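For reference, the structure discussed in these notes is given below.
Below, chain A is the first sequence line, B the second, and so on; all start at residue 1. Values in this document were obtained by computation on a predicted structure and should not be read as measured data.
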Number of protein chains: 2
Amino acid sequence: MASAESGPAWGPVARNSTHELVIEAIEDQIMAGTLTVGDPLPPERDLAARLQVSRAGVREAIRVLESHGVLRSSVGSGRGAGTFIASMPSAALTRLLRLHVELANFQVDEVVEARILLERSSAALAAQRASAEAVEAMRVPLTLMDTESLDRETFNDADTDFHVAIAQAGGNRLFSNLTEAIRASLRSRHLEAFRKVTDWEALASVLRTEHHGIHEAIREGRADLAADLVEAHIRGAASALPDLTEH
Amino acid sequence: MASAESGPAWGPVARNSTHELVIEAIEDQIMAGTLTVGDPLPPERDLAARLQVSRAGVREAIRVLESHGVLRSSVGSGRGAGTFIASMPSAALTRLLRLHVELANFQVDEVVEARILLERSSAALAAQRASAEAVEAMRVPLTLMDTESLDRETFNDADTDFHVAIAQAGGNRLFSNLTEAIRASLRSRHLEAFRKVTDWEALASVLRTEHHGIHEAIREGRADLAADLVEAHIRGAASALPDLTEH
DNA sequence: TTCTCTTAGTGGTCAGACCACTAAGAGATC
DNA sequence: GATCTCTTAGTGGTCTGACCACTAAGAGAA
């Protein structure tokens with residue numbers, strides 16, 4: 001970033017390919033505020049003509065931005081047809097994390113530590129400012145998990161829903177989106193680890209109790225307690241599932 | 001996620017387009033461990049033929065994964081030519097954050113809060129386990145910022161380098177990549193806010209002092225102090241730059 | 001007024017061509 | 001035999017033009 005050298009200072013000349021130029025053109029409009037959420041892009045053919053590139057180049061750019069949750073395309077004609085500025089960061093974050101966890105770029109431990117940071121804060125925030133509806137929303141997955149002899153996959157997904165509900169109650173959308181992405185990116189590992197547990201009912205019982213404790217702390221507005229309980233819960237689960245780091 | 005309804009249970013049938021099928025095919029290989037970092041993909045034409053799709057569809061998929069930092073393509077022939085599995089999450093994270101901050105999907109405050117969480121932990125980790133070289137690496141941007149009458153852009157970039165160096169010293173790659181992405185995604189806002197500051201030298205002086213304090217705490221292994229100093233530093237800077245949330 | 005059907009416009013997909021670049025290998029030269 | 005030069009094959013990069021599938025608007029009939 002910072003260059004302290006003296007001399008010619010040959011700045012890197014952005015050697016961009018066609019589709020990157022198109023991406024830049026679209027990003028520039030977004031950065032300038034000319035395009036905001038919901039606005040339509042010109043039809044692919046028009047955009048290609050205006051930018052003097054082929055339609056294929058435009059499509060590659062659209063695909064990239066689409067995968068980042070920034071664009072949304074629909075076929076057809078009239079009202080809802082065409083490509084629009086969207087904002088769905090969650091799926092993009094999930095794919096990014098999942099792939100890079102798999103490529104061992106991020107260790108599972110590292111991701112779990114990030115999860116603890118985020119969910120501690122979210123729990124504390126939720127305790128401070130969660131609305132009654134938000135607290136009620138947490139109760140749905142909570143009671144689902146109380147179901148007798150629930151299969152492990154459904155339990156895991158309800159578990160995820162509970163933690164995501166807390167993050168959403170906290171109000172910080174970056175926190176909640178990251179929380180969701182982390183859970184989703186570790187889902188297959190979680191399921192596998194759950195499957196390998198011998199005394200499942202014992203583990204489920206512990207998790208249930210801890211969940212109710214967290215919920216109660218949030219309901220009563222005890223921020224520090226909620227944060228500590230969440231951390232203990234995550235660390236406990238991680239150590240009860242040693243297979244988490246394998247695959 | 002969790003569905004408690006009974007009845008037909010119409011599972012969502014992944015209605016995928018061609019390029020998504022190709023993405024899945026590649027992702028599956030990665031998830032299965034058949035493809036790991038450094039491995040080559042078949043040539044685009046071969047892959048298209050094997051998957052029974054057009055080359056355009058394959059290219060769109062490659063472009064998406066490339067933008068996620070998972071693939072890397074080079075033209076030519078022989079050794080280094082072709083498309084390879086890579087792992088460069090940083091640029092992808094940055095683009096993702098930058099765009100979604102711009103689209104007001106994430107508020108600047110929310111991002112700053114995330115930054116505080118991450119950098120608190122990184123500073124504490126760095127204080128506990130940073131190597132001598134890592135501590136030395138922080139010193140480079142630190143001394144650069146001590147330069148008299150440094151222009152604000154260079155100062156900002158050195159500032160970024162310093163904080164990223166701390167995050168890297170902490171050892172958690174998810175933390176450091178997120179830290180880098182957050183700084184990069186807010187860069188233009190930072191520069192604009194810096195430009196609007198009237199008494200620049202006064203602000204720079206405060207930042208310099210705080211940076212040295214943080215560096216010293218890390219060097220001396222005082223984890224809690226380092227974390228607190230970092231948080232105070234970020235909050236102080238944010239309140240000294242009220243224009244940060246505008247654009 | 002209501003319904004039905006055509007039609008234009010959109011993204012989705014494909015086939016085929018050519019270009020730019022790179023490294024390996026054939027060949028010439030010393 | 002060693003070295004250099006040039007051809008060549010294989011790769012991604014780009015473009016063109018075509019056709020398909022789908023949708024809503026609009027023309028036309030009832």
Exercise for review: Answer yes or no: is there an ion pair linking Glu44(B) with Arg59(B), defined by an N-O contact shorter than 4.0 Å?
Suggested key: yes
**Study point:** Integer-rounded Å distance: dG13(D) P and Asn16(A) CG
**Key:** 13 Å
Practice item. Kindly say if Arg63(B) contacts the phosphate of dG12(D), meaning a side-chain N or O under 4.0 Å from OP1 or OP2. Key: no
Exercise for review: Give a yes-or-no answer on whether the side chains of Asp157(B) and Thr154(B) include a donor-acceptor pair shorter than 3.5 Å.
Suggested key: no
Check your understanding: With the threshold set at 4.0 Å, does a side-chain nitrogen-carboxylate oxygen contact exist between Arg189(A) and Glu102(A)?
Key -> yes
**Study point:** Out of dG11(C), dC15(D), dT14(D), whichever nucleotide has its closest atom nearest the side chain of Ala56(A)
**Key:** dC15(D)
Review point. Tell me: CD1 of Ile62(A) to P of dT10(C), nearest whole Å?
Key: 12 Å
Point to revise | Gap between atoms CD and P, on Glu60(B) and dA15(C) respectively (whole Å) | key: 14 Å
Check your understanding: How many Å lie between CD on Gln52(B) and C1' on dC14(C), as a whole number?
Key -> 13 Å
Point to revise | Any donor-acceptor N or O pair under 3.5 Å, side chains Asn16(A), Glu24(A) | key: yes
Review point. Below 4.0 angstrom from OP1 or OP2 of dG12(D), is there any side-chain N or O of Arg59(B)?
Key: no
Review point. Counting only N and O atoms by type, is there a donor-acceptor contact under 3.5 Å from the side chain of Arg183(A) to the main-chain atoms of Val164(A)?
Key: no
Review point. Roughly how many Å is it from CD in Glu20(A) to C1' in dT14(D), rounded to a whole number?
Key: 14 Å
Check your understanding: Can you find a side-chain donor-acceptor pair between Thr94(B) and Ser185(B) that sits under 3.5 Å?
Key -> no
Point to revise | Paired nucleotide for dT23(D) [Watson-Crick or G-U wobble; both distances under 3.5 Å] | key: dA8(C)
**Study point:** CD1 on Ile182(B) to CG on Asn177(B), rounded to 0.5 Å
**Key:** 11.0 Å
Check your understanding: So which nucleotide from dC15(D), dG11(C), dC14(C) ends up closest to the side chain of Val53(A)?
Key -> dC15(D)
For nucleotides 24-28 of chain D, tabulate all protein N/O to nucleotide N/O atom pairs closer than 3.5 Å, reporting atom names and distance.
{"from": "dA24(D)", "atom 1": "O4'", "to": "Ser77(A)", "atom 2": "O", "distance (Å)": "2.9"}

Point to revise | Separation of atom CG in Leu71(A) from atom P in dG12(C), rounded to whole Å | key: 11 Å
Review point. Looking at residues 41-49 of chain B, who's got a heavy atom less than 4.0 Å off DNA chain D?
Key: Pro43(B), Glu44(B), Arg45(B)
Check your understanding: Taking a pair as Watson-Crick or G-U wobble with both distances under 3.5 Å, which nucleotide is matched to dA15(C)?
Key -> dT16(D)
Practice item. Scan Arg72(A) against the nucleic acid and name what it touches under 4.0 Å (heavy atoms): base, sugar-phosphate only, or nothing. Key: nothing
Point to revise | Name of the residue among Asp161(B), Thr160(B), Asp159(B) meeting side-chain hydrogen bond (donor to acceptor under 3.5 Å, both in side chains) with His163(B) | key: Asp159(B)
Practice item. State whether Ser74(B) places a side-chain N or O below 4.0 Å from either non-bridging phosphate oxygen (OP1 or OP2) of dT11(D). Key: no
Exercise for review: Identify which nucleotide among dC15(D), dT13(C), dG13(D) has an atom closest to any side-chain atom of Arg55(A), counting heavy atoms from C-beta outward.
Suggested key: dT13(C)
Practice item. Answer yes if the side chains of Glu20(B) and Ser17(B) hold a donor-acceptor pair under 3.5 Å, and no otherwise. Key: yes
Exercise for review: Answer with base, sugar-phosphate or nothing: what part of the nucleic acid does Gly57(A) contact at a heavy-atom distance below 4.0 Å?
Suggested key: nothing
Practice item. Calculate the interatomic distance between Phe84(A) atom CZ and dT10(C) atom P; express it in whole Å. Key: 11 Å
Review point. Any Lys/Arg nitrogen of Glu27(A) or Arg95(B) sitting under 4.0 Å from an Asp/Glu carboxylate oxygen of the other?
Key: yes
